[in-house]
Student: 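Pasting a structure below so you can have a look.
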Protein chains: 2
Amino acid sequence: MHKYSKQTRLLLAVDCIILGFDGETLKILLIKRDFQPEKGNWSLMGGFVQPEESIDQAANRNLKQLTGLQGVYLEQLHTFGATKRDPIERTVSVTYFALIDINKYQTQLSQDYHAEWFPLKRTPKLIFDQQEMVEAARKQIRYKAAMHPILFELLPTKFTIPQLQTLYESVFNTAIDKRNFSKRVLATGLLIKLADKDKAGSKRGAFYYQLNMQNYYAKFQAIMNFIPNPDTL
Amino acid sequence: MHKYSKQTRLLLAVDCIILGFDGETLKILLIKRDFQPEKGNWSLMGGFVQPEESIDQAANRNLKQLTGLQGVYLEQLHTFGATKRDPIERTVSVTYFALIDINKYQTQLSQDYHAEWFPLKRTPKLIFDQQEMVEAARKQIRYKAAMHPILFELLPTKFTIPQLQTLYESVFNTAIDKRNFSKRVLATGLLIKLADKDKAGSKRGAFYYQLNMQNYYAKFQAIMNFIPNPDTL
DNA sequence: GCAAAAGTGTTAAATTTACACCCATGA
DNA sequence: TCATGGGTGTAAATTTAACACTTTTGC
């Protein structure tokens, strides 16, 4: 017995929803599609799964191709399998969402793809059912970040508490009291205070912190309340 | 342009992790696989995705084939895509997990598959990477049930609070104070008290409740604390 | 010296936990 | 009558929410 001979085989693709944070706004990295159909339109980075790679590998490969980054936060999101989602030929797409430090993103690598960052809230029209994919990612990042410390993946190694707060406020589209926020965050034991300050944001400067990686990995799966009233998920 | 001509096509399957509750234990429905490879071994219900059906439809079809049930809680879980997970031929599998009222499950339908319920905690050895799939489902049901009222899907239309509590205790493998539990559950506004009692569990009998469907759908996405200390997820 | 952002502490309110007794009934 | 599971309330502890002033420093 060598094959499941009577079964139909399908195209399988991965699509990556790549999110970054520029200090103000949560952004998504899109490319200009360079082949038909929908050539020239904005699209997620993605491509077909190759015969000798797993789907996780395919997602990582695509992410690296576009951003030059490896080892970043990448999580399988959902698989889209409507029969007509690709008008050319039936293609099932496994979506992944990636959180990257936007500063590490290397422009030159992406020149080939004409990639651009867009505010997640003002994403241009996307091809096929990709709008739906982005919507799923938006929900998932909120859902997960309300309970797990994933948003640190969007920041550089050194970051300040005001930066972190802006990030949370941007993801949840809400204002958070800074006194309560810093208490809450510091109480997790996830942060290590550094000696130097970031003077970019203010004259006085804000202390840098970095993640306590030990605690970070240990507590990653634990449920933490980072958001006051996480009802609007 | 008619096809993505240079790409390789793959087999795509769905596998269903079907969970039920018999009043004591959380159980999983497995079948005896009736074709090679691994013929005669325990397996999840599943099958190949057909060309004219979506993957959601494929999952629903499989679920109906085995249980006779339609319209039950069915949620896409994860897609497994390692290259060698099926030794015969590369097959990517999209897993779904289903929660059903075990009483509605129709035995005669499943005779063809030699289906059997097993305690989720004592699942027999499964084929391929299905052990991993079941593990993912176990995690997901806890994760989701800690915050969303999905466990009602496992109960009949009429159920008692002690039954509900046993279910939660069984899923989370923990003892819950019955006073606090009933307060918590009743506070959600999800339950309607009925006039009659279930006399099966005790001499005194316990009042039946049913879901307030209006509130159930409205609050389904909201985050609720059903479990005292949801740390062990 | 002043504008602009950083940093910090207390009090009230709400939520969560712990805990024990009476009730109804079939055997 | 008694054994079994059903049903309920209160007080303490914890957690969360609300809120305002001082510090630093570049201009």
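Lettering of chains follows the sequences in order, A, B, ..., and the numbering in each one begins at 1.
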Student: Using whole Å, report how far NZ of A/Lys197 lies from P of D/dT23.
Tutor: 13 Å

Student: What's the CG-C1' distance between A/Asp196 and C/dA6, to the nearest Å?
Tutor: 16 Å

Student: Nearest to the A/Arg184 side chain among D/dT16, D/dG7, C/dT17, which nucleotide is it?
Tutor: D/dT16

Student: Looking at the side chain of A/Phe207, which of C/dT8, D/dC19, C/dG7 is the nearest nucleotide?
Tutor: C/dG7

Student: Ignoring hydrogens and angles, are the base of C/dT10 and the side chain of A/Lys183 linked by a donor-acceptor pair under 3.5 Å?
Tutor: yes

Student: Take the protein atom CG of A/Leu194 and the nucleotide atom P of C/dG7, then report the distance between them rounded to whole Å.
Tutor: 12 Å

Student: Please tell me which of the listed nucleotides, C/dG26, C/dG7, D/dA18, lies nearest to the side chain of A/Asn180?
Tutor: D/dA18

Student: Starting from the 5' end of DNA chain C, give me the residue, A/Gly201 or A/Lys193, whose nearest nucleotide shows up first.
Tutor: A/Gly201

Student: Can you figure out which of C/dA4, C/dA6, D/dT8 approaches the side chain of A/Lys203 most closely?
Tutor: C/dA4

Student: Once you round it to whole Å, what is the distance between C1' of C/dC19 and CZ of B/Phe181?
Tutor: 18 Å

Student: Using nucleotides 20-22 of chain C, report all nitrogen or oxygen pairs with the protein that are shorter than 3.5 Å.
Tutor:
unit_1	atom_1	unit_2	atom_2	d
C/dA20	N7	B/Arg179	NH1	3.4

Student: Nearest whole angstrom, please: distance from the C1' of D/dT25 to the NZ of A/Lys199.
Tutor: 7 Å

Student: Applying ring-ring contact (aromatic ring centres under 6.0 Å, His included), can you list everything that pairs with B/Tyr105, at least two apart in sequence or on another chain?
Tutor: B/Trp117

Student: Using 30° and 60° as the class limits, which term best fits the ring planes of A/Tyr168 and A/Phe172: parallel, tilted or perpendicular?
Tutor: parallel

Student: Start with the C-alpha gap between A/Phe159 and A/Leu191, add the side-chain angles, then the distance that decides, and say whether side chain to side chain contact (heavy atoms under 4.5 Å, CB included) holds.
Tutor: CA-CA 10 Å; A/Phe159 54 87; A/Leu191 299 193; 3.7 Å; yes

Student: Tell me whether the rings of B/Tyr143 and A/Tyr143 are parallel (<30°), tilted (30 to 60°) or perpendicular (>60°).
Tutor: tilted

Student: In this structure, how many angstroms lie between the C1' atom of C/dT8 and the CG atom of A/Asp177, rounded?
Tutor: 11 Å

Student: Between A/Gln165 (CD) and C/dA5 (C1'), how many Å, whole number?
Tutor: 12 Å

Student: Between C/dG7 atom C1' and A/Asp198 atom CG, what is the distance in whole Å?
Tutor: 15 Å

Student: Using the rule salt bridge (Lys or Arg N to Asp or Glu O under 4.0 Å), only one of B/Asp101, B/Asp198, B/Asp196 pairs with B/Lys158; which is it?
Tutor: B/Asp196

Student: Quick one about B/Asn60 and B/Tyr96 (side-chain donor to acceptor, distance below 3.5 Å, no hydrogens or angles considered), yes or no?
Tutor: no

Student: I'd like to know whether B/Tyr113 forms a side chain to side chain donor-acceptor pair (under 3.5 Å) with B/Gln111, so could you lay out the CA-CA distance, the side-chain angles of the two residues, the decisive distance to 0.1 Å, and finally the verdict.
Tutor: CA-CA 5 Å; B/Tyr113 297 96; B/Gln111 297 289 16; over 6 Å; no

